[in-house]
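Report on one structure; see the data block that follows.
Predicted model, so just to flag it, every value in this text is computed and none were measured. These numbers come from the heavy atoms of this one structure, side chains and all, not from hydrogens, waters or symmetry mates. Chain letters run A, B, ... following the sequence lines, proteins first and then strands; every chain starts at 1.
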Amino acid sequence: MLERALKGSSRYWAWIGFLLVIIAAGGAVLVNQWVVGLEITDMSRDVSWGFYISQLTYLVGLAASGVMIVLPYYFHHYKPNKHMVIFGEFMAIAACVMCLLFVIVDIGQPQRMLNMIFHPTPNSILFWDMIVINGYLFLNILCGWVCLEHDRMHLSHPKWIKPFIIISIVWAFSIHTVTAFLYQGLPGRHYWLTAILAARFLASAFCAGPAILLLVLKVTEKVTTFQMPKKAVATLTKIIAYAMVVNMFFFMLEIFTAFYSNLPGHIHSIAYLFAGEHGHHELVPYMWTFIICAILCLIMLIPPKLRDNQKLLPWALGLLIIATWLDKGLGLLIGGFNPTPFETITPYWPTGKELMISAMIYAIGALIVTVLFKIATDVKQELGHSQALPCGCSTEDTDCECAGEEAPAADEAAEEAPAVEEAEATA
Amino acid sequence: MNALYSLVFVFILVLIPLFAVGAGHMEFGFGVCIPYTAFALFLIGFVWKIIGWAKSPVPFRIPTTGGQQLSYDPELFKQNKLDNPSNGFQTVVRMILEIFAFRSLFRNTSASLHETKGGPVVAYASAKWLWLFAILFHYSFFIIALRHLRLFLEPIPFFVKGLDFMDGILQIGAPVMYQSDVLIVAGLLFLLLRRLVDAKIRYISLVTDYFPLFLILGVALSGIWMRYYAKVDVVAIKELTMGLVTFNPHVPAGIDVSFFVHVFLVSTLMVYFPLSKLMHMPGVFLSPTRNMPNDNRFHHHVNPWNPDIKPLSYEAYEKDFGPAMAEAGLPLDNPENAKAPEEA
Amino acid sequence: MSMPSADELFKSIDYTPPATGWMETPVNFAPGNWCYPAKKEKVEYMQGYLPNAFGNPREWSPEDADWKLPPNWKEIVMNGFRERLDKFRSLKLFMDICVRCGACADKCHFFIGSGDPKNMPVLRAELMRSIYRGEFTLAGKILSKLTGSRVMEEDVLKEWFIYFYQCTECRRCSLFCPYGIDTAEVTMMARELLNLVGVNTNWIMEPASNCNRTGNHLGIQPHAFKDIVDFMVDDIEEITGVRVKAPLNEKGHEILFITPSGDVFADPGIYSFMGYLMLFHFLDLDYTMSTYASEGGNFGLFTNNETMKKLNAKMYSEANRLGCKWILGGECGHMWRVINQYMDTMNGDLQGPQMETPRNPITGTVFHNSAVTKMVHITEFTADLIKHGKLNLDPSRNDRYKVTFHDSCNTSRGMGLLEEPRYVIKNVCNSYFDMPEGTIREETFCCAGGSGLNTEEIMEIRLRGGLPRGNALRYVQEKNGVNMMACICAIDRATLPPLADYWAPGVEVCGVHELVGNALILPGEQERTMNLRQESLPGFEDEDDDWTPPNM
Amino acid sequence: MKNNRRNFIKFAGLAAASLCVAPKAMASGHAAPVRKHPEGKNGKRWAMVVDTRTLNTEEAIAPLAEACHSVHNVPHIESKQDIKWIWAAPYEQSFPEQQNPYLDDAVKERRYPLLCNHCDNPPCVRVCPTKATFKRPDGIVAMDYHRCIGCRYCMAGCPYGSRSFNFSEPRKHLDLTKLNPEFPTRMRGVVEKCNFCVERLSVGKLPACVEASGGALTFGDLADPESDVRKVLRENYTIRRKPTAGTEPSVYYII
Amino acid sequence: MHYGGKIILGIVIFVGLLLSPFAYNAMTVKANYKQPELKLPANEKKCIESLEFMRTKHMQLLNEWRDWALRDGKRVYVNHEGKEFTISLQNTCMKCHNNKAEFCDKCHNDAGVSPYCWDCHIQPEGLK
């Protein structure tokens, strides 16, 4: 199936070329980092992790996009998600790869990374994070590939894959939990030292991940014949809305605990982030942007009228992504390191080179998504699954009334358009 | 059975130097004479075989066309320049991809039959493992061969040093483990297991298919043994190898017998190479279905032995069918033919 | 011999190889496993023209123990083998470099449909390679069995006969081979050797000899040919009200049109032929056909190089006689493989000075891609006309068909003509659906009747080999309601109907130009109520049809 | 055929197994031929007591840091990516949890030497994914720079800010003519910190800072009730940094 | 020979590449290559273990030393003769072999080996 990624329009190749240019440019900076060391970053004695690890944290959430589609389909037999599953799984593959790459570029001696395996250390959460992310990557490659391949071959999914799918659903929760544990178990880091951190990670992952996926799929719809079923979109949006509500609720719990208890350690980080401390106000505008974006997106997502407005939806999702990124991808990490163990503030802001290397990894992720989505949409098109109808509906929209009954016959026949999806028993 | 024979052969090949050098002290023979001979035989055999191929002409242009031809209207029908090349440059690109990326093997699928609720299904699953492990094996072999230049060149050129460094970048153990060593063994084991496990492939596999696999595996494992377990004296070995390439052959003391096993297996490989299917290495360059452009409709190709065969002439044809043709109103070149043939 | 049902046949396929090694496994010579041997007089006839290419004309049967080979048959075969090693680099190379990786194994339609390991291309070639090693290489002579070598024996020759006439030379294995080893090439060599000792099949020899004498494989004599063409002109008149011209053997025209004789012989080929005639009439094309060169196909390709050259040479010599500037070729598979790969090399020197690079007289397009062969494929020609808007088409006349397209192996893997016919079909039909990827274009599956195998006596073998194509066809039939498989090959038009009846009942087969003929609006035509098959067009169904037109 | 294959696999398996077993069989002759240095100091729980009554200014602490950094080839970098094994810090940075507005000015204005606490319950060891940081039986939290992959998790884990990372090539920031030739430098990309002079203890010497402190630092074995440190701890009021972190530091401060 | 030119060219390139080491050495190596001669310590005749052992297994020993000293805290090595040595690359090995360039580098250069010892450890001749 991989060869399908080698055939595409000139627009497809232009996009691939664009990504490769970014990858090459970022790669050059990475070589520079490997030659001179991590001094090219703004990390320091006090802020020992920076943009790289914060992106790992955020992208683990993107991996959750898969489970929010897979779970309703497999656990609740929610049919409209049927042809969306593969995209969730493929997105998770890209997310896991990006996570792993962010670890590799972050470590000082990458050539020794196999020490993690040669000297396995179960008491280190980083060891478990490696296991869960690699495991989730493997499970998604396996389940995604096997299912898509069997679809393409016009066969039902093999029975042996089912346990792996179930495991992958459960496994998805572990990657957020373990990544949260990475932070959550450190003494003296008050901002992270909260039992609700793992729950916050799950909540933000379950809104941000599907939000990104939904946006990417909206783009996919524009450039391919793929069309999401309306019901699946509505359900996913609902999930995003609820998860964001929970996410913000958890955040307010943190605020309450810190300020009502009045424990200085718990207050300091929040105060630094939202008001500034010791003359350092670097993050204040960003954190308030987070709050404003969060409120705006909730306003756009909670009332059903607004939520189901497909014109508005991309904006709401965009705001949600910005909000969660600022919260989890920026504030969480810097706020955790500051105030430092010496109760001082050591500002951190990613350098241009850090951003270039990060851009490289994002480009690699985008490349993986592009290639995998290309393959998946190609196969869907060949099979006639979830294809766009002239009326704008998807072939999976069983209640499509826009064009009347003759819709799926004449108009789209000239194209390689699919016939009506036969009532296939679920595999 | 074929696999067992091959394995036994390779074991015997290991035992020969083990006894000859270990007990018989034939260091010079196994360190100098045999490698020289083998290298010479390799070169001669290799060239001789290619010349043998080259002697046969290429009467016709018969490229396999794996895509759209060059059309009279290249705008409307876009040519697939890689799979259906129409000029030398495109053909060279096709060959490069074939040789360096194993492009045809990348297409590989595996067919299977299924009885489903909807009826019988012939399914073609994507099957790229052979491609992947073949790539791993061949590239590892290539890197390992280049890396060995450190023993044959003095001073060692930068690219050999760089390759050595990159190959050991993961800093595992001392001396550092080469990644290519692991990959070549993985590649070989896959190729071997595939032959043993897949009934179809086992059915077509000959002794000559297993033997090179075991032999190369023996070469790789003896090399690994030398480096990581026996920890042979590399500098002494370099004196020997440099002696070979400067035509000043001698065998310094203190070289472990495992080195002679390794060299003997490599020598066997070199001698065996031109006699065997391993000649697919140069052969792929000469494959007439890949190394020619599909340009016969607009470029004349010469068959040096084109036989002088003419069609049955129209004259004979008209003579044969003349009366009937005339009756049917078909024009005749020779009106004489319209008459019914006289009884001769 | 009763044919198993499609389901039974499918269930009977087993890919597990037998317990005995392939050299020890005996070959089944029961009827049904081989095509009838060539009739004595046909071989004698051809021998009269090409004495060195054919041997030992006689009556014999593969069923018998004694094949009545000439006493020095081994010498003849071995000398022939050696001669061909010296004449064809491809053969020498393909004998030497196969690594038996098995990538080709399950690419062959005959293997997929039969599970017989000797139908794996690698093993098919090994049948010959083992002899090569045993007779021509030092290692093989010394180490014999260890290197998979053997010496030439009668059993081997018999095995060759069975399995090299169970290969349709479709080249699908070659596409997947990492070294481009082309089993078709090996099969051709084996068949040449078999011909040297008079081991050949009638289904190939008879057409080849017919073609030499009458100008076409079917042995249609010139006056009969004219009659048939006239019948078709009548039919066209009945359907359209227009009497089209059908010039034969006329001198002084710009274009010589040559199509396989299958197209004038039986349906569904004749409908394509009618399509050609209508198209040329519409264009008022300055062309002629020929009874002397009334065959595009070339069964010499399935016999030996000599016969191929001899039969092919008629095209240029007839163009010269008639004074044509270039040749337009009809829809045929192996005809185009010969034209693309061999014609100019073999017979280019026969071209007369009047021949020039083909130029479409209607659009002015110059077909530079056929500058030396001077031959244009009819779909190239028609596609050019469509692109320039020169045709007046009503695709809705093909609305009763949901069409798919079968790429014939020869035009796809021996030429690369993939998009031109699709372009034509999509312009003359409203419903077009491709069969699944991996079974079309360069990966297309053979009709299992090519290279002279489209004969009744091996029907089960053909149907087995037709499984991959049939299964892909069945898929689009069920999914998209496809009921018509178009193709651009006369052998396809002959072999695909039984295949479709068996694996995907209900699907018919047509040539691309039948669809063109249906859609083409001729000047001054009467209202068309039926298509070329004289089936009612939508809106003109008979009263007893219970379908009611929507607008009435 | 099948039988042959089984035999073959058995045979190949045996051959492979013998290859794997052989080196181990050869190697297992004797235990590692090593022992401890006869003059080395042996302790069960090394600890240090800092008398901030006598050692409490930048000027007083600087020579200690100098002694430590020169003996261990610790570079000095003028940036927030500095490497520090021992350094001086004000009260509010040293004991942020133990402040009150009315603290004795003298105590408040003192400078305190900070270093790795060699905790009883070290978070850095807990989080290290490769066991590059480990706790020795004598309580010293040691580092294996050969194994460190530079993930800096230990730096996030340490509540005392005792660890430094070699963001750049350390030799760039060292006076190469004044290196201690007896001790290595570190390479780029690994974390480092105070090692309680484990290399000195092993040959019977006291840590460099202790030697340089003129008695303001007391070093000894907490497990030995008769040791100097136990004596000092018995006789003085001492505090440790961030007791709430539960790490049980081994560095005590006499206020 | 059909396409003989291209084939001959290919053969020449291939054979040329295979023979290039012969030419390369003919250009670079003055006379016959000999193993590098190492500058041995003047005042010490015996290494901690036998010559053969040190020649081939020193890297393994150094790795073991590292773990024994650093991780096990055992810093005295007892050799096969019962003689004791302090485990230290810089303070034991390099005290006798007091010139890395004349000792370590000689063989390492010829064998194309670049061990990473010296990323941290300081060579006796000092750093520049």
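For S6(B), no part lies under 4.5 angstrom from a heavy atom of chain C. Interface residue M375(C): only backbone heavy atoms are found under 4.5 Å from chain B. In this structure, the portions of Q68(B) lying under 4.5 Å from any heavy atom of chain C include both its backbone and its side chain. For L312(B), the parts lying under 4.5 angstrom from a heavy atom of chain C are both the backbone and the side chain. Looking at K78(B), neither its backbone nor its side chain comes within 4.5 Å of chain C, counting heavy atoms on both sides. Of the two parts of I62(B), the backbone and the side chain both hold a non-hydrogen atom closer than 4.5 Å to a non-hydrogen atom of chain C. For R337(C), no part sits under 4.5 Å from any heavy atom of chain B, backbone or side chain. For Y210(B), no part sits under 4.5 Å from any heavy atom of chain C, backbone or side chain.
Ranked by heavy-atom pairs under 4.5 Å with chain B, the list M346(C), E380(C), R474(C), H223(C) is led by E380(C).
Residues of residues 298-309 of chain B that come closer than 4.5 Å to chain C, counting heavy atoms only, are F298(B), H299(B), H300(B), H301(B), V302(B), N303(B), W305(B), N306(B), P307(B), I309(B), ordered by residue number.
A salt bridge is defined here as a Lys NZ or Arg NE, NH1 or NH2 lying under 4.0 Å from an Asp or Glu carboxylate O, and D86(C) with K55(B) fails to meet this definition.
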>> If you apply the rule salt bridge (charged side-chain N to carboxylate O under 4.0 Å, His left out), what do you find for D320(B) with R213(C), and how did you get there?
In response: CA-CA 9 Å; D320(B) 199 356; R213(C) 178 166 176 249; 2.8 Å; yes

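Y317(B) and T214(C) form no side-chain donor-acceptor contact under 3.5 Å, judged by distance and modelled atom types alone.
Applying the side chain to side chain contact (heavy atoms under 4.5 Å, CB included) test between R297(B) and each of N369(C), D344(C), V372(C) identifies N369(C) as the sole match.
A donor-acceptor pair is defined here as one N or O able to donate and one able to accept, closer than 3.5 Å; no such pair exists between the side chain of K11(C) and the backbone of E115(B).
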